[in-house]
Amino acid sequence: MRILLSKEDMKTCDQNTIEGFGVPSCVLMERAALACVDELYRSGAALDRVLVICGSGNNGGDGFAIARLLFLDQVPVSIWFVGKEQSCTDQTRHQKEICEKYGITFCSNPEINEYTVIVDALFGIGLSRDIEGSYRDAIGRINESPAFVLSVDIPSGIDGNTGVIRGIAVKADLTVTFAFEQPGHYIGKGRACTKEVRVRQIGITKESLPKCRKSYVCYDSMDLRRLPERLATENKGSCGKVLLIAGSRDMCGAAILSARAAYRSGAGYVRIYTDEHNQSALFQSIPEAVVSCIHSNWKRELENLLAWADVVAVGPGIGMEAQKLDILNYVLEHADIPVILDADALNLVARHNLSLDGYSMPVAVTPHLGEMARLCRSTISDISEDLIASAEIFAKEQHVICVLKDAGTVVSNGSESYINTSGNSGMATAGSGDVLTGVFAGLTAQGMTLFEAAKLAVFLHGCAGDAAAQKYGKRSMTANDLVEGLIRVLADADDKNKCK
Ligand SMILES: NC(=O)C1=CN([C@@H]2O[C@H](COP(=O)(O)OP(=O)(O)OC[C@H]3O[C@@H](n4cnc5c(N)ncnc54)[C@H](OP(=O)(O)O)[C@@H]3O)[C@@H](O)[C@H]2O)[C@@H](O)CC1
Ligand SMILES: Nc1ncnc2c1ncn2[C@@H]1O[C@H](COP(=O)(O)OP(=O)(O)O)[C@@H](O)[C@H]1O
Ligand SMILES: [K+]
């Protein structure tokens with residue numbers, strides 16, 4: 001697990017290191033520059049001609065130091081200072097003067113296509129407003145250039161807290177950040193602009209973390225150790241029972257994908273409660289699934305099913321008809337097991353203005369941005385302005401776990417937020433969300449708390465997507481390939497975790 005910091009907390013952390021531990025800021029800047037140069041060498045980019053573009057803040061200061069280090073290594077390097085002399089921080093001015101004394105070339109209107117590498121040191125975590133004028137032109141030119149682009153700390157133009165583009169943003173090939181990542185590296189548009197992130201240590205330690213900080217975390221492959229333990233003595237009853245209320249007359253695929261994913265995540269039993277028309281298709285595609293059909297005495301049926309299950313997931317492909325609303329209301333009123341609401345269950349909640357607050361069992365919602373906009377009576381564009389705040393506020397107000405699905409998914413319980421770093425654009429394919437619901441329910445059935453299961457399911461789902469992309473390619477992979485990816489990721493993790 002890694003901690004991510006807001007830009008304000010990152011600044012405090014820098015300050016605590018400088019003031020509390022006495023590490024001079026020029027030492028931090030030098031180490032930041034050394035780390036960037038090292039990553040540039042490792043990237044294999046052709047260093048025929050390098051252009052370092054610097055702003056007036058300390059991000060620009062890093063840029064000047066990078067230019068000096070490259071110059072001293074005999075790399076052909078030029079500097080384009082886009083900032084304002086009078087706005088320079090003391091450190092940046094100092095770094096700039098060193099470059100001038102060394103006689104490094106400064107240019108004011110470079111022929112951008114002549115460079116093989118561009119170092120973007122315009123704005124870092126100090127970006128405070130939309131980018132305009134000469135800064136905007138410079139970023140536009142960077143994005144038109146065929147050069148390899150390394151962004152220092154964060155691509156200039158990306159807001160470190162929200163991943164939102166402030167007017168325009170650099171599209172980096174590689175981003176080198178220091179000590180702690182920011183949410184903006186992974187969520188919103190920031191994810192695509194950042195592309196690949198390297199986190200380098202420059203002497204800022206956890207001891208400098210602000211005591212009261214915003215709580216953001218992300219997982220990496222080590223966190224697959226959080227998977228529920230599977231003992232040698234386990235039986236299918238003890239591995240958890242998932243009740244999946246999914247599928248409708250016209251939509252059976254969602255139920256199939258969710259059920260497959262729930263089984264492949266390790267659940268002992270998966271029972272699908274669905275429309276009668278789906279029965280034979282479900283039996284054929286997942287022979288291991290137990291299928292119960294919705295009849296006129298559905299209340300009695302549902303009462304028994306809820307008594308049997310360890311978790312219930314409602315929504316994939318259920319449609320919006322009146323009976324499904326009745327079923328959803330019944331689940332909310334009578335379930336005493338964790339409840340996961342997805343897809344049409346969320347659309348029913350939104351359409352009928354149902355409150356999710358006040359129930360004794362834990363409830364989770366897994367909306368994509370469109371569903372979230374409906375739930376919050378807002379717009380996708382407003383939700384996208386601050387995905388973390390949207391998820392946190394909804395989670396807090398409704399007392400639910402909110403899994404706000406996007407390229408960089410956010411999971412919040414109202415006070416702590418998880419930012420997902422796994423996954424890829426190949427997952428932008430119909431049915432991906434149904435697979436997530438299955439994984440989420442499968443992990444919950446095996447005894448994880450709803451919040452822990454949500455975070456791990458989202459991470460695992462992304463890893464499954466990465467495995468699928470490796471085998472089939474991002475363009476061609478389908479949601480079903482995610483289930484195959486899941487098998488590979490879990491087999492590998494179980495091997496490492498020495499699952500009995
Ligand atoms: N602290 C440390 O020791 C370490 C810090 N490090 C590095 O410092 C970076 C943070 O530096 P920073 O705080 O100086 O902010 P930075 O991102 O350079 O930008 C601020 C400047 O931009 C300006 N500005 C903002 N928005 C603007 C806009 N839209 N359009 C135009 N101008 C705009 C703003 O102007 P102002 O708002 O004051 O008018 C100010 O001049 C960090 O990302 C990392 O790279 C590393 O060396 C490690 C050690
Ligand atoms: N570009 C992307 N990068 C990473 N994950 C993605 C991307 N696009 C979609 N996903 C993931 O795929 C899933 C899509 O869910 P959803 O929109 O509900 O799909 P569906 O309704 O078709 O099942 C979410 O978990 C989302 O996070
Ligand atoms: K930058």
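Atoms within each ligand, like the ligands themselves, are counted from 1 in listed order. The first residue in the sequence is number 1, and the count goes up from there. Treat the numbers as computed from the prediction; the structure is a model and nothing was measured. Worth knowing before you read on, the calculation uses all heavy atoms, side chains too, and leaves out hydrogens, waters and symmetry mates.
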* Is the shortest heavy-atom distance from the side chain of Arg2 to the side chain of Thr421 under 4.5 Å? -> yes
* For ligand 2, note which part of Asn420 has a heavy atom under 4.0 Å away: side chain, backbone, both or neither. => neither
* Enumerate the residue pairs fulfilling side chain to side chain donor-acceptor pair (under 3.5 Å) with a member in residues 424-434, sequence neighbours excluded, ordered by first and then second residue. => Asn424-Asp466
* Asked: Tell me: protein heavy atom nearest atom 24 (C) of ligand 2, and distance?
  -> Lys405 CD, 3.7 Å
* Measure the distance from atom 30 (N) of ligand 1 to every protein heavy atom, then report the residue, atom name and distance (to 0.1 Å) of the closest one. => Phe123 CZ, 3.8 Å
* To do: Could you tell me whether some N/O pair between His368 and ligand 2 is separated by less than 3.5 angstrom?
  => no
* Asked: Is the shortest N/O to N/O distance between Asp406 and ligand 2 below 3.5 Å?
  -> yes
* Would you kindly specify which portion of Arg191 sits under 4.0 Å from ligand 2, judged on non-hydrogen atoms: side chain, backbone, both or neither? => neither
* **Atom name, Asp120 (N, O or S, nearest to the K ion (ligand 3))** => O
* Structure fact -> If we number the atoms of ligand 2 from 1 as shown, the ones under 4.0 Å from a heavy atom of Gly433 are 13 (C), 14 (C), 15 (O), 16 (P), 18 (O), 19 (O), 20 (P), 23 (O)
* To do: For the K ion (ligand 3), decide whether Asn59 has an N, O or S atom at a distance under 3.4 Å.
  => yes
* Can you tell me if an N/O/S atom from Val170 lies under 3.4 Å from the K ion (ligand 3)? -> no
* Asked: Below 6.0 angstrom between ring centroids: does that apply to Tyr219 and Tyr418?
  -> yes
* Does a donor on one side chain and an acceptor on the other come within less than 3.5 Å for Ser56 and Ser87? -> no
* To do: Check Met427 against ligand 2 and report side chain, backbone, both or neither, counting heavy atoms closer than 4.0 Å.
  => both
* Leu28: numbered ligand 1 atoms lying under 4.0 Å from its heavy atoms -> 3 (O), 49 (C)
All N/O donor-acceptor pairs, side-chain side in residues 22-33, below 3.5 Å, sequence neighbours left out:
from, atom 1, to, atom 2, distance (Å)
Ser25, OG, Gln91, NE2, 3.1
Glu30, OE1, Arg68, NH2, 2.8
Glu30, OE2, Arg68, NH1, 3.0

* **Numbered atoms of ligand 1 (with element) below 4.0 Å of Ile202, judged on heavy atoms** => 48 (C)
* Does an N or O from Ala430, backbone or side chain, lie closer than 3.5 Å to an N or O of ligand 2? -> no
* Asked: Should the proximity of Asp153 to ligand 1, defined as any heavy atom under 4.0 Å, be assigned to the side chain, the backbone, both, or neither?
  -> side chain
* Asked: Going by the atom numbers of ligand 1, which of them fall below 4.0 Å from some non-hydrogen atom of Gly124?
  -> 16 (P), 17 (O), 43 (O)
* Asked: Just heavy atoms, cut-off under 4.0 Å: does Thr409 contact ligand 2 by side chain, backbone, both, or neither?
  -> side chain
* Contact flag Ile154/the K ion (ligand 3), N/O/S atoms, threshold under 3.4 Å -> yes
* Backbone or side-chain N/O/S of Gly55 under 3.4 Å of the K ion (ligand 3) -> no
* Structure fact -> Closest to atom 20 (P) of ligand 2 (heavy atoms only, candidates Gly431, Ala192, Ser425) is Gly431
* Quick check: does Thr175 have an N/O/S atom under 3.4 Å of the K ion (ligand 3)? -> no
* To do: Could you check atom 25 (O) of ligand 2 against the protein and tell me its nearest heavy-atom contact, residue, atom and distance included?
  => His461 CE1, 3.2 Å
* Cation over ring, Lys455 on Phe451, under 6.0 Å and within 45°? -> yes
* Distance to 0.1 Å, residue and atom name: give those for the protein heavy atom nearest to atom 13 (C) of ligand 2. => Ser432 CB, 3.5 Å
* Asked: Just distances here: any N/O of Glu371 and N/O of ligand 2 closer than 3.5 Å?
  -> no
* Please say whether Gly126 places an N or O atom under 3.5 Å from an N or O atom belonging to ligand 1. => yes
* **Proximity to ligand 1 by part of Asp130, non-hydrogen separation under 4.0 Å** => backbone
